[in-house]
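Down below is the structure, laid out as structure tokens.
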Number of protein chains: 2
Amino acid sequence: MTLSPRQEEIVDAAIKLIAEKSIQALTIKNLSNQVGFTEGAIYRHFSSKLDILLHILLKFQSNARQMLEDTCSNDLPAMDQIEHIFMHNIMSFVENPAIAAVIFSESIFQNEDRLSREVFKLLEMHESTLSCIIEKGQERNELIEGVQKEEIIRMIIGSIRYTVTKWRLGGYQFNLQKEGKSLIDAIRHLISKQ
Amino acid sequence: MTLSPRQEEIVDAAIKLIAEKSIQALTIKNLSNQVGFTEGAIYRHFSSKLDILLHILLKFQSNARQMLEDTCSNDLPAMDQIEHIFMHNIMSFVENPAIAAVIFSESIFQNEDRLSREVFKLLEMHESTLSCIIEKGQERNELIEGVQKEEIIRMIIGSIRYTVTKWRLGGYQFNLQKEGKSLIDAIRHLISKQ
DNA sequence: CTCGTATGTAAGTATTTATTTACTAATCCA
DNA sequence: TGGATTAGTAAATAAATACTTACATACGAG
């Protein structure tokens with residue numbers, strides 16, 4: 001399960017390639033150029049291209065898992081925890097646009113069952129953490145109760161994704177961090193009590 | 001600009017192909033099988049595959065434009081207009097999953113400037129209509145004012161898109177119409193006055 | 001030292017895909 | 001009628017792409 005240094009190197013090169021060009025640019029040829037070896041060398045370290053994509057997703061998963069656990073372990077007000085997760089995601093997109101490029105490429109993965117399942121899992125991780133936080137927040141009377149947590153989750157994750165998608169479609173023109181902050185402020189205003 | 005009957009036929013076949021398989025399945029070979037002609041015949045009617053994709057987007061655009069104009073022309077309360085647009089979109093995804101497949105394939109279009117611009121335009125059409133509705137709603141004291149309309153729009157469009165994406169990733173397992181209704185009810189609850 | 005394993009290269013292969021070409025049959029109009 | 005236009009076919013082409021194979025070299029353990 002854990003990767004050798006060279007495997008890490010290849011996965012990182014793949015991520016860089018996706019970030020700078022697009023997921024379409026992730027070909028074995030391009031990847032081998034990026035790493036500085038020939039195509040055959042890639043196959044010494046991964047059995048297939050799918051395997052590489054899979055490890056990219058696993059890497060993002062383990063980052064996300066770490067962040068989500070850290071967030072849950074402290075005992076801030078619910079809304080602060082949500083903001084923390086929200087802004088952490090925004091920042092990780094800003095610092096590493098490949099994450100967005102990969103995660104938002106479900107359409108490409110759709111025929112690859114294994115990949116779309118891993119993307120799904122990543123979403124589920126976020127959802128279940130948010131679910132737990134919102135539930136507590138409602139019990140503690142910090143968050144409004146008239147709206148089911150499932151719908152709040154949809155709005156939070158959906159609005160991030162949409163904002164990031166437009167940021168990407170528009171060629172990274174606007175300041176994502178700033179827009180993310182306005183958005184989470186609006187969400188706070190809507191779902192906090194009073 | 002307007003298409004011949006045979007061109008319509010080809011575009012519709014392309015949409016069907018995307019809906020039933022995926023956007024990856026839209027190859028000239030598959031398309032010609034679907035239509036019942038050979039590959040060469042396709043090129044009698046369209047200059048390139050890109051041209052076909054473009055006309056798919058234009059078709060969706062004109063449908064959406066029609067719907068948005070219809071909505072604006074009546075004088076319902078803002079929230080009812082929003083719900084109308086919202087549910088119209090949901091229903092069009094239910095009836096024609098290709099629309100979702102195409103619109104959510106920005107990642108594939110990203111290197112095709114022309115295509116991503118048209119997807120962008122489709123989003124802008126929805127945004128500007130919603131913007132107008134929300135503005136009036138806030139003036140008329142129907143909608144809350146503490147939150148900027150840009151953020152509300154992000155939440156509305158984002159939450160639809162996210163719900164539809166999960167519906168697709170999960171293989172159309174849940175009832176999108178029902179979930180859409182719960183979601184718009186929640187939104188209504190959050191952004192209506194009182 | 002040397003043998004085997006790990007890791008690289010160069011040059012394939014097989015397949016897919018968009019597009020083109022040369023040809024044909026039908027249909028329309030002068 | 002007859003010549004051009006339209007719309008189809010079959011087959012070729014060119015490029016891209018994931019992956020394989022045969023060979024080379026370095027290096028660590030016995």
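Only one option out of B:Glu142, B:Gln138, B:Glu145 pairs with B:Lys193 in a side-chain hydrogen bond (donor to acceptor under 3.5 Å, both in side chains); it is B:Glu145.
Once rounded to the nearest 0.5 Å, the distance linking CE of A:Met79 with CD1 of A:Ile134 reads 9.0 Å.
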Restricting to nitrogen or oxygen on both sides, can you table the protein-nucleotides 15-18 of chain C pairs closer than 3.5 Å?
from: C:dA18; atom 1: OP1; to: B:Lys49; atom 2: NZ; distance (Å): 2.6
from: C:dA18; atom 1: OP2; to: B:Ile28; atom 2: N; distance (Å): 2.8

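Counted by atom type alone, A:Gln34 and A:Asn30 present zero donor-acceptor pairs between their side chains at under 3.5 Å.
C:dA11 atom C1' lies 17 Å from atom CD1 of A:Ile42, rounded to whole Å. Rounding to whole angstrom units, CZ of residue B:Arg44 and P of C:dT19 are separated by 15 Å. Atom-to-atom, CZ of B:Phe46 to P of D:dA7 comes out at 13 Å; the value is rounded to the nearest Å.
Non-hydrogen atoms lying under 4.0 Å from DNA chain C are contributed by nothing in residues 7-16 of chain B.
The heavy-atom pair separating A:Ser159 from A:Thr163 by the smallest distance is O-OG1, 2.7 Å. Of all the heavy atoms in A:Thr71 and A:Gln81, the pair that sits closest is O-NE2, 3.1 Å.
In summary, B:Lys181 and B:Glu83 engage in a salt bridge, as defined by a charged side-chain N under 4.0 Å from a carboxylate O.
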Can A:Trp167 and A:Glu179 be said to form a side chain to side chain contact (heavy atoms under 4.5 Å, CB included), step by step? CA-CA 10 Å; A:Trp167 179 61; A:Glu179 294 300 315; over 6 Å; no
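Partners of B:Glu9 by salt bridge (charged side-chain N to carboxylate O under 4.0 Å, His left out), not counting sequence neighbours, listed by chain and number: B:Arg6.
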